[in-house]
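One structure is given below, encoded as structure tokens.
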Amino acid sequence: MKLSKYFLPTLREAPQDADNVSVKLMFRAGMIRKLASGIYEWLPLGLRVLQKIENIVRDELNRVDGQEVRLPVIQPKELWMETGRWQVYGKELLRITDRKDSEFCFAPTAEEVITNMVRRDVSSWRQLPLLLYQFGLKFRDEIRPRFGVMRSREFLMKDGYSFHATEEDAQKWYGILYGAYERIFTRCGLTFKPVEADSGPIGGDQSHEFMVIADTGEAEIALCECGYAANTEKAEVSEAPARTADPSKLNAMADVATPGLYTVEDVAKFLKMNKKQFIKTLFFLADGQPVMALVRGDHELNENKLRRFLGVKDLEKAPQHIYEAIAGCPAGFAGPVSIKTRYVAGKDTLPLTKVIADNALKNVFNGVSGANKNDTHTTGINLGRDYTPDAFADIHVAAESDLCPKCANPLVFKRGIEVGQTFKLGTKYSKSLKCNILDEHQKEVPMVMGCYGIGVTRTVAAAIEQGHDDWGIIWPPAIAPFEFSLVSIESEDQAVLDASAQVYAAIQTAGMDALWDERNERPGVKFKDADLIGLPWRIVVSSKTLKDGECEFKRRASKDAARWKLAEVPARLKELKAEIK
RNA sequence: CGGGGCGUGGCUCAGCUGGUAGAGCGCUCGCUUCGGGUGCGAGAGAUCGUGGGUUCAAAUCCCACCGCCCCGACCA
């Protein structure tokens, strides 16, 4: 492609609202433009990267017998009512109404549609397993889109779904897809880590997220040298070794006035105590029943863990009036001491059913918590003597100083960008949508499903987060929009032009692509643009090199340039081609 | 949804103690220059987010709305 004819509007400055490195560079390099909040246009250069990634994904999925389909982006309400997600999905689901007042949504994902399609035309175990996938625009009406295409509302996702006759087969295929995902992201040239994940509202019992390691990532992951890796939303922790307290050092309980101090932070500062001494008291409604959850002051409660431990479907933070009804005070002053006898029956409240404490509280002595009295906290609280939870469990978000659940060594924390996720769905959707087969015993059973997503647009941003310097992008060759920047220095010099054309043709012959900068621009402009766009390899043809019958070769990632004899170009290109897997 | 900020050529921004719009970059033309955003000259390009109000006069002051961004909450 000749650059003079390519629609590539590069910018010297990034738009003001670009809020991270990758989106700034994508704007500047003429890959994307913004149409509205969280909605982007993809220009030719950007699209080429998307297509490169698509092709790698397609290749690896076809290799494991995946079959590509194309599913509607506008989906009828009725299907979403069948699974109950029309209600569950909330405002993130963009709903639209047609001229006949029929309701639809813009696809945020496609479990309903694909399951509907499969139930219609698959009825025998002999037709399974089946792996179907598509590339499709998805829309999720995020409250706050940010970081460019990393968290946009409209995005390109590869969503794949597998259907199985048995649980064993689904499990086997989960492993197959996991392997395919590892190959995909490896081929894309990314440094990534698959981590255990919570399956969230999509459902299912096993899930991994594929995280591109980057400090700017939104997700936090817990890692251990033993190989354990999990999203901190999911990460379990080993219980710290129990300590015993010297009975003579246990204080008596005492109330202290803490007017207007609701947070652990404030009270700790006020009492000049460490947050670890605090017993954070939270109320939840678990399937409508109030429960009390206790975590150490420096910890965050993990709602997923609590929900799983309680074995309930629905868990929500209790509203203020529940605190008032049970503890008799606002949220900031509730505490565990004699809480069960404090319950004050209200018209629309329920008795406290359970008190669950995090394991870490076993090692808190002379703790501080709310006094169940407005503007008051209690000090000197001790487990067993002053309060007794119904159960202990691991219910806090894994954090610094926590221990690995597998080997009990300290966990290490890193940030990552989630570029893909795999789920073992089980029968969640096949049951609600009655996607059944007759098995080999002539019994009607729901199919067992798996689902596998890759955020293609997000992967582009992740690659840039991982590959850039002060001058611009540095593409991994496999997903670069073009392999080469071909720069002709004196673009009106016929000899330079002829030699450039010769190199250009050689690149094409080698099965690769070059962006040929033959504009009538000064060398500086061309080099700056080339660095910005970040194609992995650069070949410069100028009268200077030409008089030795040479051109110049330079990798974007390296400072050093080499000279190539024009005659050896085809052979060199062959070597480079081999670097792309 | 709560708090804060911003909307002025394609991009970055100035003008905002009211008097009818400026710069740099980019773009066009000419000359110049030719290995890291060359220099000079000439030009094109703006309903100053929208609507209303105050005023002889509004980009500037007031009100409403819309859009965008940041922090938080929410969600995953």
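Remember, predicted model here, so these are calculated numbers, not experimental data. Convention: sequence-line order gives letters A, B, ...; per-chain numbering from 1. Heavy-atom basis, side chains included; hydrogens, waters and symmetry copies ignored.
Here, B:U55 and B:C61 have their C1' atoms 10 Å apart, quoted to the whole Å. Annotation: B:A14 and B:G4 have their C1' atoms spaced 23 Å apart (nearest Å). Atom P of B:G15 sits at a distance of 28 Å from the matching atom of B:G52, rounded to the whole Å.
Side chain A:Glu552 to base B:G35: a donor-acceptor pair is found below 3.5 Å. Not a single donor-acceptor contact under 3.5 angstrom links the side-chain atoms of A:Arg563 to the base of B:G35.
The residue among A:Ala14 and A:Arg151 whose nearest nucleotide of RNA chain B lies closer to the 5′ end is A:Ala14.
The residue A:Glu13 sits close to a base: some heavy atom pair falls under 4.0 Å. A:Val487 comes within 4.0 angstrom of nothing in the nucleic acid, heavy atoms only. Using a 4.0 Å heavy-atom distance criterion, A:Ser542 is classed as a base contact.
For the pair A:Arg48 and A:Phe482, the cation sits on the ring face: its NZ or CZ lies under 6.0 Å from the ring centre, inside 45° of the axis.
An OP1 or OP2 oxygen of B:C13 is reached within less than 4.0 angstrom by a side-chain nitrogen or oxygen of A:Gln16. Considering only side-chain N and O atoms, A:Arg144 lies under 4.0 angstrom from the phosphate OP1 or OP2 of B:C71. The phosphate of B:G26 (OP1 or OP2) has a side-chain N or O of A:Arg12 nearer than 4.0 angstrom.
Note on A:Arg563 versus A:Asp548: salt bridge recorded, some NZ/NE/NH1/NH2 to OD/OE distance being below 4.0 Å. The pair A:Lys138-A:Glu154 does not meet the salt-bridge criterion, since no charged nitrogen lies less than 4.0 angstrom from a carboxylate oxygen.
Protein atom CG of A:Leu8 is 15 Å distant from nucleotide atom P of B:G26, rounded to whole Å.
A distance below 6.0 Å separates the ring centres of A:Tyr174 and A:His208.
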